[in-house]
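The basis for the numbers below is simple: all heavy atoms, side chains too, and nothing from hydrogens, waters or symmetry mates.
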Amino acid sequence: MAADAPGAVAVQLVEQPRLLKLKESFIAKFGSAPKFYVRAPGRVNLIGEHIDYCGYAVLPMAIEQDILIAVEPVKTEVVQLANTNPSYLDFCTSVNNIQINKTKPQWHNYFLCGLKGIQEHFGLNNPTGMNCLLDGTIPPSSGLSSSSALVCCAGLVTLKANGKTLSKVELAEICTKSERYIGTEGGGMDQSISFLAEEGTAKLIEFSPLRATDVRLPSGAAFVIANSCVEMNKAATSHYNIRVMECRLAAKLLSKSKSLDWRKTLRLQDVQANLGVSLEEMLTIVEEVLHPEPYSTEEICKCLGISLEDLRSQILSQNTQNVSTFKLYQRAKHVYSEAARVLEFKKICSEAPDNAIQLLGELMNQSYISCKEMYECSCPELDRLVDICLQFGAVGSRLTGAGWGGCTVSMVPTDKLNTFLKNVKKAYYQNDGQRLALENNALFATKPGRGALVFVEA
């Protein structure tokens, strides 16, 4: 096995009640026992929202909540998928004919993304069939990366079932690409932290080439996740992919204005790299070149000297073909300022000044304001939740994940943690029946967890 491949751990199932229960359910379902288990964690992004697909570093940590799959490779050429949650229906397909339906992002399609990614990477002509039973503890559509954790878990399941090995970095890169089969133009943060996470440390994740650096968080504060209970599914809505296109178009217009090869420019980071300037200087260039009013498709075509047909066929993604206006100034401004905040956050963690917690909290608050005002990826419930968290003692609070719903992450001094949890619970969850039903999984302090693993019975 590659030295930096995901670990395989031998465990006594009697000491692992969740694995034992999953094994019993698997036997009841399929009539035989699983041969191995794979887990991949969800994540919370502490700072660096919507900038991974622009080429910039992000700062997430894995959480304890995860996707766990029990697996039995079988001789037939069939994959049978089942879920311990009865609201997710069973699914069965031939391993040699993987069809991924983009129109309805159902749970099994995310599994198929990971499966297909590994099959294609190795050119597997005769892939192994499998029986799989999944148990997930990450709330769905909450911005904690349940879908990417499922893609990663499926990728590792397929790798192990077919007797192949890859490094964690290779797995993360394959799973990032393969999630695009479902129509999400993600940047790679979620898959990278799912494989590269280590217990006790957050990670600065940088791209091209993919690498992860430990970031030690200050000991006097806890990170608390609070779910707004508004679901947001990236693959099912156009918000997310429109933002990806707005950043791409901004990069092209900035490149053109500086006489760079705009046709080859895809990401805002490419513009900075090609100009060889700082993030602060990029913010000045954005002010000079782009206007705050939305750009029509006609104006974009005029700026780039191309036809509408070219714009649609060469630049816009399939699901943004009919968008008529794009906000380029606001999106670029968010990305360059957020990229600088990530580096500042890492620097403060490394230098650990006495007022580190205060400084990190301020960066989180600035990030949230930029997400809300410049990137427009918040929603009224998230705004209310952030206000409540700051009111009850968080030094910093922001939306995490894509936004438009999902969760907030707040930095809370450890000595205020218990009263903070009690007050937020009362203010946001207890007056609302739907939220109250979810509150046990909706509000919790979290520590940096470990990355994806394979378990075998000892």
Legend entry - T320 and S317 side chains, donor-acceptor separation under 3.5 Å: yes
Legend entry - Contacts of type side-chain contact (heavy atoms from CB on, under 4.5 Å), residue T84, not counting sequence neighbours: L22, L133, D135
Inset, instruction - Check L385 against A226 and note the closest heavy-atom contact, atom names and distance. - result: CD2-O, 3.6 Å
Legend entry - Within 45° cone of F195 ring axis and under 6.0 Å: K168 NZ or CZ: no
Legend entry - Listed partners of D66 passing salt bridge (charged side-chain N to carboxylate O under 4.0 Å, His left out), at least two apart: R18, R39
Inset, instruction - Decide yes or no for I63 and P41: does some side-chain heavy atom of the first lie under 4.5 Å from some side-chain heavy atom of the second? - result: no
Legend entry - Distance-only polar pair, side chains of S148 and E179, donor-acceptor under 3.5 Å: yes
Inset, instruction - Verify whether one side chain among N101 and Q99 offers a donor that lies under 3.5 Å from an acceptor in the other. - result: no
Inset, instruction - Locate the shortest heavy-atom distance separating V157 from C132; write the atom from each residue and the value. - result: CG1-SG, 4.2 Å
Legend entry - Distance in Å, I67 CD1 paired with L134 CG, rounded so as to fall on 0.5 Å steps: 5.0 Å
Inset, instruction - Hey, could you give me the CG/CH2 distance between N83 and W107, rounded to the nearest 0.5 Å? - result: 4.5 Å
Inset, instruction - Please report the shortest heavy-atom distance between V409 and M364, naming the atom on each side. - result: O-CE, 3.6 Å
Inset, instruction - Give a yes or no on whether the backbone of C175 and the side-chain of S178 come within a donor-acceptor separation of less than 3.5 Å. - result: yes
Inset, instruction - Please examine the side chains of L217 and C349, heavy atoms only from C-beta on, and report whether any two atoms are closer than 4.5 Å. - result: yes
Legend entry - Test log, rule ring-ring contact (aromatic ring centres under 6.0 Å, His included), inputs Y181 and Y110: CA-CA 9 Å; Y181 294 136; Y110 291 99; over 10 Å; no
Inset, instruction - Please test S94 against N96 for side-chain hydrogen bond (donor to acceptor under 3.5 Å, both in side chains), starting from the C-alpha separation and ending with a verdict. - result: CA-CA 5 Å; S94 155; N96 292 313; 4.5 Å; no
Inset, instruction - Output yes when a side-chain donor or acceptor of Q119 lies under 3.5 Å from a complementary backbone atom of V95, and no otherwise. - result: yes
Legend entry - Ion pair R450/E198, N-O distance below 4.0 Å: no
Legend entry - Which residues share a salt bridge (charged side-chain N to carboxylate O under 4.0 Å, His left out) with E72, sequence neighbours left out: none
Legend entry - Greater than 12 external heavy atoms within 6.0 Å of F30's CZ: yes
Inset, instruction - For residues 328-342, pull every pair meeting salt bridge (charged side-chain N to carboxylate O under 4.0 Å, His left out), keeping only residues two or more places apart or in separate chains. - result: E246-R331, E287-K333, R331-E376, E338-R341, E338-R398
Legend entry - Flag side-chain contact, heavy atom, 4.5 Å: L316 against L311: yes
Inset, instruction - Under the side chain to side chain donor-acceptor pair (under 3.5 Å) rule, collect the residues that match up with H108, sequence neighbours excluded. - result: none
Under 3.5 Å, sequence neighbours excluded: what are the donor-acceptor pairs made by side chains of residues 266-275?
{"unit_1": "R267", "atom_1": "NE", "unit_2": "D270", "atom_2": "OD1", "d": "3.4"}
{"unit_1": "R267", "atom_1": "NH2", "unit_2": "D270", "atom_2": "OD1", "d": "3.3"}
{"unit_1": "D270", "atom_1": "OD2", "unit_2": "L266", "atom_2": "N", "d": "3.2"}
{"unit_1": "D270", "atom_1": "OD2", "unit_2": "R267", "atom_2": "N", "d": "2.9"}
{"unit_1": "Q272", "atom_1": "OE1", "unit_2": "Y56", "atom_2": "OH", "d": "2.5"}
{"unit_1": "Q272", "atom_1": "NE2", "unit_2": "V277", "atom_2": "O", "d": "2.9"}
{"unit_1": "N274", "atom_1": "ND2", "unit_2": "D270", "atom_2": "O", "d": "3.1"}

Expected list for residues 250-262: side-chain donor-acceptor pairs under 3.5 angstrom, two or more places apart:
{"unit_1": "K252", "atom_1": "NZ", "unit_2": "W262", "atom_2": "O", "d": "3.2"}
{"unit_1": "K252", "atom_1": "NZ", "unit_2": "R263", "atom_2": "O", "d": "3.3"}
{"unit_1": "K252", "atom_1": "NZ", "unit_2": "T265", "atom_2": "O", "d": "2.8"}
{"unit_1": "S255", "atom_1": "OG", "unit_2": "A251", "atom_2": "O", "d": "3.0"}
{"unit_1": "S255", "atom_1": "OG", "unit_2": "T265", "atom_2": "OG1", "d": "3.0"}
{"unit_1": "K256", "atom_1": "NZ", "unit_2": "C303", "atom_2": "O", "d": "3.1"}
{"unit_1": "S257", "atom_1": "OG", "unit_2": "L254", "atom_2": "O", "d": "2.7"}
{"unit_1": "D261", "atom_1": "OD1", "unit_2": "R263", "atom_2": "N", "d": "3.2"}

Inset, instruction - Would you give the length of the straight line joining atom CG of D310 to atom CG of L304, rounded to the nearest 0.5 angstrom? - result: 10.0 Å
Inset, instruction - Determine whether more than 12 heavy atoms belonging to other residues, nucleotides or ligands lie under 6.0 Å from atom CD of E288. - result: yes
Inset, instruction - Would you indicate whether E299, at its atom CD, is surrounded by more than 12 heavy atoms from other residues, nucleotides or ligands within a distance under 6.0 Å? - result: yes
Inset, instruction - Check whether any side-chain heavy atom of L144 sits under 4.5 Å from a side-chain heavy atom of C407, and report yes or no. - result: yes
Inset, instruction - Tell me whether the guanidinium CZ or amine NZ of K160 lies under 6.0 angstrom from the six-membered ring centre of F36 and within 45° of its axis. - result: yes
Inset, instruction - Look up atom CE in M374 and atom OH in Y336, then write down how far apart they are to the nearest 0.5 Å. - result: 15.5 Å
Inset, instruction - Write down the atom of D190, the atom of S145, and the distance for their closest heavy-atom approach. - result: CB-OG, 3.1 Å
Inset, instruction - Would you indicate whether the side-chain heavy atoms of C377 and L399 approach each other to under 4.5 Å? - result: yes
Inset, instruction - Look at the side chain of S367 and the backbone N and O of L363, then say whether any donor-acceptor pair between them is shorter than 3.5 Å. - result: no
Legend entry - For H334, ring pair (Phe, Tyr, Trp, His ring centres under 6.0 Å) partners two or more places apart: Y375
Inset, instruction - Only counting residues at least two apart or in another chain, list the ones meeting ring pair (Phe, Tyr, Trp, His ring centres under 6.0 Å) with Y329. - result: none
Legend entry - S167 and E170: side chain donor to acceptor below 3.5 Å: yes
Inset, instruction - Any chance you could measure N109, atom CG, to L115, atom CG, to the nearest 0.5 Å? - result: 11.5 Å
Inset, instruction - For the pair Y295 and H291, name the ring-plane relationship: parallel under 30°, tilted 30 to 60°, perpendicular over 60°. - result: parallel
Inset, instruction - Determine the minimum heavy-atom distance between P60 and N45, stating which atoms define it. - result: N-OD1, 3.5 Å
Legend entry - From W404 atom CH2 to S228 atom OG, the distance as rounded to the nearest 0.5 Å: 13.5 Å
Legend entry - Selection residues 121-130 - residue pairs positive for side-chain hydrogen bond (donor to acceptor under 3.5 Å, both in side chains), sequence neighbours left out: T128-N162
Legend entry - With E373 via side chain to side chain donor-acceptor pair (under 3.5 Å) - residues at least two apart: none
Legend entry - Distance-only polar pair, side chains of D383 and Y368, donor-acceptor under 3.5 Å: yes
Legend entry - Whether T400 side chain and V44 backbone form a donor-acceptor pair below 3.5 Å: no
Legend entry - Shortest non-hydrogen separation from V335 to C247 and the atoms involved: CG2-SG, 3.9 Å
Legend entry - Check: Q330 side chain, P292 main-chain N or O, donor-acceptor pair, under 3.5 Å: yes
Inset, instruction - State, yes or no, whether a side-chain contact exists between K203 and T201 at a heavy-atom distance under 4.5 Å. - result: yes
Inset, instruction - Please tell me if the side chains of V71 and N131 come closer than 4.5 Å, counting only heavy atoms from C-beta onward. - result: no
Legend entry - Side-chain touch Y53/R248, heavy atoms, less than 4.5 angstrom: no
Inset, instruction - Apply salt bridge (charged side-chain N to carboxylate O under 4.0 Å, His left out) to K447 and list each qualifying residue two or more places apart in sequence or on a separate chain. - result: none
